[in-house]
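Below is one structure; the comments refer to it alone.
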Amino acid sequence: MSSHLLSVDSLSRDYVEHLMQLAGRMEPFAQRRKVTRVLEGAVLGNLFFEASTRTRISFHAAFSRLGGSVCDTTGFTFSSMAKGESLYDTSRVMGGYVDAVVLRHPDQGAVAEFAEATRVPVINGGDGPGEHPSQALLDLYTIEKEFARLGKRLEGAHFLLTGDLKHGRTVHSLIKLLSLFGPLRITLVSPPGLEMPRHLIDLVTSRGHRVEQRESLANDFGDLDVIYTTRIQKERFTDEMSETFAGISQDFIVDRAFLDQRCSPTTIVMHPLPRDSRPGANDLNVDLNGDPRLAIFRQADNGIPMRMAIFANLLQVEDYIERDAQDVRWFVPPTFGVDDRTL
Ligand code: NCD
């Protein structure tokens with residue numbers, strides 16, 4: 001057990017399997033059937049220096065559902081970093097105030113640098129184009145849950161990862177995490193210039209997985225079990241790239257026609273979200289909304305049990321979670337979204 005969660009590099013397969021099980025134990029609390037107060041008195045520092053809705057709120061909600069409370073700050077403007085404070089100083093100060101920190105920062109490596117200056121557990125909530133380990137863990141948890149429902153196994157499964165694989169930190173963490181399991185077949189499709197970094201492809205290949213790179217979604221893929229789509233991360237483009245990528249072609253859009261023509265009824269579609277729904281963005285198409293193969297909102301929901309599991313593990317309260325658990329007394333709807341299905 002490590003005291004920080006900075007990168008998938010430090011996770012063993014056993015530890016990951018343990019977190020998956022622990023997330024399963026969090027379901028009654030995440031689904032609002034039970035209440036636990038195991039982190040009563042603990043305080044989380046939730047520091048987000050880049051845009052976020054899901055990651056920030058779900059870490060906040062997960063800590064709160066374990067009975068803890070949360071202090072947060074968003075953006076550089078209202079933080080002392082705007083006055084020139086170093087990561088080291090901010091980290092040392094935060095360590096005196098809170099019991100755990102989640103940090104999102106635009107620079108790759110910044111969260112690791114922050115973690116070096118404190119003994120309280122630090123979780124990487126995304127460091128630029130680097131990593132996003134808690135997202136990969138909740139993605140794997142989603143895959144396991146969906147596969148269990150569909151009677152599938154991870155061994156031999158075929159994944160399609162598509163979109164901006166160069167800047168997408170979620171796919172960087174996910175491909176490393178998947179490579180601990182398998183053997184798997186992984187097909188990568190991205191617009192030219194936005195390919196998965198070579199060192200990650202080499203790592204996955206060296207672990208015995210079959211990796212194939214393609215230039216478009218136009219051809220046949222055979223049996224796909226999971227399609228993992230990602231947003232084009234325009235905010236990470238250099239000026240030169242912005243000119244080249246002014247119009248990303250329609251060939252990269254996953255939509256209902258693609259699923260109906262090229263996939264099976266048991267292919268699931270994932271996306272870390274947010275999806276860019278503006279016209280011309282060419283992100284995952286909204287015409288799949290309401291289709292049971294679209295797992296994106298179940299995937300986002302899974303952020304709560306997985307992040308609760310991460311906190312319970314790092315703060316060493318796993319053994320006390322169910323003790324004194326109580327039934328929820330407030331109204332909870334049977335499904336959370338208007339077009340969610342009970343699967
Ligand atoms: C992603 C991120 O911030 O890396 N979102 C998330 O955390 N769920 C993906 C993105 O911004 O496209």
Among side-chain atoms of E113 and H105, is any donor-acceptor pair under 3.5 angstrom? no

Using a strict threshold of under 4.0 Å (side-chain N to carboxylate O), is an ion pair present between E144 and K152? no

Taking all non-hydrogen atoms of both residues, which atom of L343 and which atom of P292 are closest, and how far apart? CD2-CB, 4.1 Å

With a cutoff of under 4.5 Å between side-chain heavy atoms, which Ile, Leu, Val, Met, Phe, Trp and Tyr residues group with V111? L6, V43, L47, F49, F76, M81, L87, V93, M94, Y97, V98, V101, L103, F114, V120, V122

In the hydrophobic cluster built from side-chain contacts under 4.5 Å, what are the other members alongside Y88? none

Would you say the side chains of T90 and E85 form a donor-acceptor pair under 3.5 Å? yes

Is a salt bridge present between E131 and K176, judged by a nitrogen-to-oxygen distance below 4.0 Å? yes

R153: what forms a salt bridge (charged side-chain N to carboxylate O under 4.0 Å, His left out) with it, not counting sequence neighbours? E155

Going by the rule salt bridge (charged side-chain N to carboxylate O under 4.0 Å, His left out), which residues pair with R65 if we only count those two or more places apart in sequence or in a different chain? none

Is it the case that the side chains of H271 and R231 hold a donor-acceptor pair, with the cut-off being a distance below 3.5 Å and no angle test? no

Looking only at non-hydrogen atoms, find the nearest pair between V286 and R275 and report the distance. CA-NH1, 3.6 Å

Heavy-atom pair of closest approach, residues I253 and L217: O-CD1, 3.8 Å

Pairwise side-chain contact, E318 with L22, heavy-atom cut-off 4.5 Å (strictly under): yes

Is the positively charged end of R32 above the ring of F336, judged by distance under 6.0 angstrom from the centroid and angle within 45° of the axis? yes

Side chains of S3 and R119: is there a donor and an acceptor less than 3.5 Å apart? no

Might you confirm whether atom CD of E322 has over 12 heavy atoms from other residues, nucleotides or ligands at distances under 6.0 Å? yes

Side-chain donor-acceptor pair under 3.5 Å between H199 and D202, yes or no? no

For R214, the side chain to side chain contact (heavy atoms under 4.5 Å, CB included) test, sequence neighbours excluded, returns T187, V189, E212, N219, F221

Using the ring-ring contact (aromatic ring centres under 6.0 Å, His included) criterion, which residues pair with F311? Sequence neighbours excluded. F59, F63

Tell me whether R56 is salt-bridged to E50, with the criterion being a basic N under 4.0 Å from an acidic carboxylate O. no

